[in-house]
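Here, residue 1 is the first one in the sequence, and each next residue gets the next number.
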Amino acid sequence: MIFMTGNLVYYVGGPDWNPYGFTKDARVYGDGRVGIVVRVDVNVYHTYSVYWFKDALISKHVANHLDLVYNV
């Protein structure tokens, strides 16, 4: 999936993977965290910088670790 700047996303990476965008006290990796894609980098492969609302931080991810909050 290809995301665009402004897309609202969830983090869906596995629990054994370092869950960027989540605080260490998050119960599970799908703990209701919602972020917005703020930058798309297209170097060797696409990476997405996501601003996580609840944690107020930005982290980079590949598309496999993100899912859209909504489908239009």
Side-chain angles (χ1 to χ4, degrees):
M1 175 174 281
I2 296 177
F3 299 99
M4 297 175 16
T5 302
N7 284 148
L8 292 175
V9 294
Y10 287 119
Y11 178 82
V12 294
D16 296 330
W17 184 198
N18 187 4
Y20 300 133
F22 293 88
T23 58
K24 292 184 180 194
D25 61 345
R27 294 187 308 279
V28 293
Y29 66 93
D31 200 21
R33 297 296 201 267
V34 175
I36 188 167
V37 176
V38 293
R39 182 177 172 163
V40 178
D41 294 318
V42 290
N43 296 330
V44 176
Y45 51 90
H46 284 78
T47 58
Y48 303 93
S49 295
V50 178
Y51 175 79
W52 300 103
F53 296 118
K54 187 170 184 176
D55 298 317
L57 60 88
I58 296 175
S59 56
K60 273 191 177 180
H61 304 275
V62 294
N64 296 12
H65 297 158
L66 301 172
D67 196 12
L68 285 174
V69 170
Y70 57 89
N71 288 316
V72 178

* Tyr48 and His46 aromatic ring geometry - parallel, tilted or perpendicular at 30°/60° bounds -> parallel

TODO: Indicate the ring-plane relationship of Tyr11 and His65, choosing parallel, tilted or perpendicular according to the 30° and 60° boundaries.
DONE: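 Tyr11 and His65: tilted rings.
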
Of all heavy-atom pairs between [X] and [Y], which one has the smallest distance, and what is that distance?
X: Val12; Y: Asn64; value: CG2-O, 3.9 Å
X: Thr5; Y: Val38; value: CG2-O, 3.9 Å
X: Arg39; Y: Asp41; value: NE-OD1, 2.7 Å
X: Tyr70; Y: Leu8; value: CE2-CB, 3.7 Å

**Study point:** side-chain contact (heavy atoms from CB on, under 4.5 Å) evaluation trace for Leu66 with Tyr10
**Key:** CA-CA 6 Å; Leu66 301 172; Tyr10 287 119; over 6 Å; no

Margin query: With a 4.5 Å cut-off on side-chain heavy-atom distances among I, L, V, M, F, W and Y, is there a chain of contacts connecting Val50 to Ile2?
Written below: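 Yes: a chain of side-chain contacts under 4.5 Å links Val50 to Ile2.
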
Review point. Does the side chain of Asp67 come within less than 4.5 Å of Phe3's, by heavy atoms?
Key: no

How long is the straight-line distance from CD1 of Ile58 back to CD1 of Ile36, given to the nearest 0.5 Å?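 Here the rounded value is 10.5 Å.
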
